[in-house]
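First the structure, in the form of structure tokens, and then the observations on it.
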Amino acid sequence: MTEENQLIQVYRKLYQLYGPQGWWPLMDWEGKNPRKSGSSRGYHPLNYSLPENSRQRFEVILGSILTQNTAWTSAEKALWNLKNLDAVHPQSLLQLETEILKEAVRPAGFFNQKSVYLQNISRFFLELEDNVPSRKELLEVKGVGNETADSILLYAYHQPQFVVDNYTKRIFSHLGFVKENSSYSEVKDLFERCLPRSVPIYQEYHALIVEHAKRYYQKKPYTEIHLI
DNA sequence: AACCAGGACGTGA
DNA sequence: TCACGTCATGGT
């Protein structure tokens with residue numbers, strides 16, 4: 001079987017195992033508690049047009065920075081703090097006192113740098129107005145690296161950019177698709193070469209990889225799961 | 001009680 | 001380029 005078909009087979013298998021993941025998770029803006037709306041898992045019910053407005057886009061962007069090397073549950077607490085400060089808007093976030101912002105970000109870890117990163121991306125978002133940023137422009141923002149840039153493009157702007165994280169490298173080097181020390185772009189190019197250029201597929205595949213890794217790739221030795 | 005989490009940056013080879 | 005130290009809270 002060709003490499004392309006194998007990667008597609010793995011995708012089908014993961015989808016069949018776990019179902020649609022509905023990323024990117026958005027907060028329940030109407031409700032009062034930090035519970036997410038949508039499907040039973042809390043995420044969007046197969047609605048790939050989300051996010052649908054500027055505020056939701058900005059929420060995805062904040063989350064992509066808050067969750068850097070941090071569990072989503074922790075990032076979510078910080079997001080909820082920001083919402084309670086009415087700071088899920090670039091202007092209001094930039095008006096927060098630094099100490100207030102840091103306290104809100106604290107539960108997500110790395111709060112000193114992430115606070116600055118959030119201010120940086122807020123300024124960038126304001127200057128963008130309603131334009132779609134390029135990958136290069138995003139990478140020029142201090143605090144936005146490869147994965148965060150691709151997450152923003154894929155989940156906030158519906159651009160077909162495959163997101164690679166540590167889990168992706170862990171699983172697919174274990175399965176023999178890539179070397180352990182492959183670069184970000186090597187892995188990204190592999191997926192983009194093998195998969196149809198589809199935003200929903202890119203979105204689901206990355207989310208399914210995370211779900212699978214959480215179950216079977218937390219600690220060594222990794223147990224071989226039959227994915228092909 | 002170590003170890004890891006949906007990384008990025010600065011530094012020095 | 002690339003390996004390594006640093007940043008930090010919260011859950012297992």
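Each chain gets a letter, A, B and so on, in the order the sequences are listed, and its residues count up from 1. Only a predicted model underlies this, so the values are computations on that prediction, with no experimental measurement involved.
In terms of phosphate contacts, A:Lys77 brings a side-chain nitrogen or oxygen within less than 4.0 Å of OP1 or OP2 of C:dG11.
Outside the 6.0 Å centre-distance limit, the rings of A:Tyr202 and A:His206 are not counted as a close aromatic pair.
Using a 4.0 Å cutoff on non-hydrogen atoms, the parts of residues 144-158 of chain A near DNA chain B are A:Val144, A:Gly145, A:Asn146, A:Glu147, A:Thr148, ordered by number. Of the residues in residues 58-71 of chain A, those lying under 4.0 Å from DNA chain B by heavy-atom distance are A:Thr67, A:Gln68, A:Asn69, A:Thr70, A:Ala71. Within residues 168-178 of chain A, the residues having any heavy atom closer than 4.0 Å to DNA chain B are, in order of number, A:Arg170. Contacts with DNA chain C (heavy atom under 4.0 Å) in residues 106-117 of chain A: A:Arg106, A:Pro107, A:Gly109, A:Phe110, A:Phe111, A:Asn112, A:Gln113, listed by number.
As rounded to the nearest Å, C:dC4 and B:dC4 have P atoms that lie 16 Å from one another. If you take atom P in C:dG5 and the same atom in B:dC3, they sit 15 Å apart, rounded to whole Å.
Between A:Glu3 and A:Arg193 there is a salt bridge, with a side-chain nitrogen of the basic residue lying less than 4.0 Å from a carboxylate oxygen of the acidic one.
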Contacts under 3.5 Å, N or O only, protein and nucleotides 10-12 of chain B:
unit_1, atom_1, unit_2, atom_2, d
B:dG10, OP1, A:Lys142, NZ, 3.3

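Of the inter-residue distances, the one linking A:Phe125 atom CZ with A:Glu129 atom CD reads 11.0 Å to the nearest 0.5 angstrom. Here OH of A:Tyr167 is found 12.0 Å from CD1 of A:Ile209. Values are rounded to the nearest 0.5 Å.
Each ring-ring contact (aromatic ring centres under 6.0 Å, His included) pair with one or both residues in residues 170-197 of chain A, not counting sequence neighbours, appears once here: A:Phe162-A:Phe191, A:Phe172-A:Phe177, A:Phe172-A:Phe191, A:His174-A:Tyr217, A:His174-A:Tyr222, A:Phe191-A:Tyr205.
Among the atoms of the strands shown, none is found under 4.0 Å from any heavy atom of A:Val105.
Put simply, CD on A:Glu103 is 13 Å from C1' on C:dA8, counting in whole angstrom units.
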